[in-house]
Number of protein chains: 2
Amino acid sequence: MKSREGHEPGKCLSMLLPITDALEVLSGKWKLPILISLSFGNKRFGEMAKEIPKITDRMLSKELRELEAHQLIKRTVYDAVPAIVEYSITDYGASLDPLIQELYKWGSRHRKRMMAKSH
Amino acid sequence: MKSREGHEPGKCLSMLLPITDALEVLSGKWKLPILISLSFGNKRFGEMAKEIPKITDRMLSKELRELEAHQLIKRTVYDAVPAIVEYSITDYGASLDPLIQELYKWGSRHRKRMMAKSH
DNA sequence: CTGCATCCTTTCTGATACTG
DNA sequence: CAGTATCAGAAAGGATGCAG
């Protein structure tokens with residue numbers, strides 16, 4: 001049995017609660033990819049549909065609505081025919097940037113590691 | 001229509017691929033909570049089941065197997081009756097720490113924001 | 001172009017009970 | 001103590017079609 005001195009009761013739970021909240025807002029396969037796409041510039045529905053690998057219209061539509069409800073993105077309708085709708089990231093959405101950077105860093109390292117293992 | 005000068009083709013995809021990989025490894029509701037629990041010290045099955053709010057034995061068991069397969073955690077069996085099994089985080093699992101810190105920071109801010117809005 | 005409605009399949013989760 | 005088996009419901013996801 002290894003040492004257990006690292007264990008501090010209560011600390012763990014106080015970390016778990018905020019993280020659970022964050023995970024809820026970012027839940028699902030597509031919210032972060034959508035936010036990343038928008039972090040590279042405002043986009044229209046069709047542009048995102050093309051840019052994000054494998055996402056379907058249905059999921060894109062659904063996730064955009066959730067992200068808007070959480071105020072992470074903004075939807076702007078321009079009066080034109082045919083309709084033009086532009087999505088942009090809000091300041092609040094942009095506050096996820098450091099998190100996204102870390103995810104990118106770890107994902108890159110993980111990718112290399114996978115490559116190395118013949119796979 | 002707002003400016004679009006932030007858009008750089010290809011950049012977005014090169015960011016999306018590693019992140020998609022990362023999200024796959026961390027997918028689901030429970031993997032990060034489990035890793036966080038273990039980051040506070042080695043734990044036994046029952047300890048984690050008590051410490052992580054709302055997780056069921058079934059999910060804990062399933063997620064532990066996946067985390068072990070991805071080499072983020074280590075399972076050690078001690079020869080005793082009744083059985084003693086200890087889980088610990090690997091160096092590779094520990095490399096998720098910066099990501100977890102960011103998640104915690106954002107989650108904490110998000111939590112405050114939610115509180116502020118009457119809710 | 002935008003994006004919802006419908007239908008269907010797959011995957012995920014929870015509850016409960018049970019074994020070594 | 002440390003899980004696994006089973007069942008059922010919920011949620012996520014895909015395909016297609018169509019309307020504003």
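Order of the sequence lines sets the chain letters (A, B, ...), proteins ahead of strands, with each chain counted from 1.
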Practice problem: In whole angstrom, give the distance that lies between atom CD1 of Ile34(A) and atom P of dG3(C). | Solution: 12 Å
Quiz item: So, the side chain of Ser108(B) versus the backbone of Pro18(A): is there a donor-acceptor pair under 3.5 Å, distance only?
Solution: no
Quiz prompt | Under 3.5 Å: donor-acceptor pair, side chain of Ser61(B), backbone of Asp57(B) | solution = no
Exercise. From the options dA2(D), dT2(C), dT13(C), select the nucleotide whose nearest atom is closest to the side chain of Lys29(B).
Key: dT13(C)
Quiz item: Roughly how many Å is it from CE in Met48(A) to P in dT2(C), rounded to a whole number?
Solution: 9 Å
Quiz item: Among the nucleotides dT2(C), dT4(D), dC1(D), which one has an atom lying closest to any side-chain atom of Arg44(B)?
Solution: dC1(D)
Self-check item: Rounded distance in Å - CD (Glu66(A)) to C1' (dG13(D))
Solution: 13 Å
Practice problem: Can you figure out which of dC1(D), dG3(D), dG3(C) approaches the side chain of Val85(A) most closely? | Solution: dG3(C)
Quiz prompt | Nucleotide dG20(D), atom C1' - distance to CG of Asp79(A) in whole Å | solution = 13 Å
Quiz item: In whole angstroms, how far is the C1' atom of dG3(C) from the CD1 atom of Ile55(A)?
Solution: 13 Å
Practice problem: Check every atom of dG3(C), dG14(C), dG3(D) against the side chain of Thr56(B) and return the nucleotide holding the closest atom. | Solution: dG14(C)
Practice problem: Look at atom CD of Gln101(B) and say whether more than 12 heavy atoms of other residues, nucleotides or ligands are closer to it than 6.0 Å. | Solution: yes
Quiz item: Between Glu68(A) and Arg65(A), does at least one N-O distance fall below 4.0 Å, as a salt bridge requires?
Solution: no
Self-check item: Short side-chain N/O contact to dC1(D) OP1/OP2 from Tyr87(B), under 4.0 Å
Solution: no
Practice problem: Calculate the interatomic distance between Leu60(A) atom CG and dT2(C) atom P; express it in whole Å. | Solution: 10 Å
Exercise. Hey, which sits more toward the 5' end of DNA chain D by its nearest nucleotide, Pro82(A) or Arg65(B)?
Key: Arg65(B)
Quiz item: Which word best sums up how the rings of His70(A) and His110(B) line up, parallel for under 30°, tilted for 30 to 60°, or perpendicular for over 60°?
Solution: perpendicular
Quiz item: Once you round it to whole Å, what is the distance between C1' of dT10(C) and CZ of Arg58(A)?
Solution: 12 Å
Quiz item: Expressed in angstrom and rounded to an integer, what is the separation of Tyr78(B) atom OH from dC1(D) atom P?
Solution: 18 Å
Self-check item: Under 4.0 angstrom between Lys62(A) side-chain N/O and dA5(C) OP1 or OP2
Solution: no
Self-check item: Side chain of Asp57(A) - closest among dG3(D), dT13(C), dG3(C)
Solution: dG3(C)
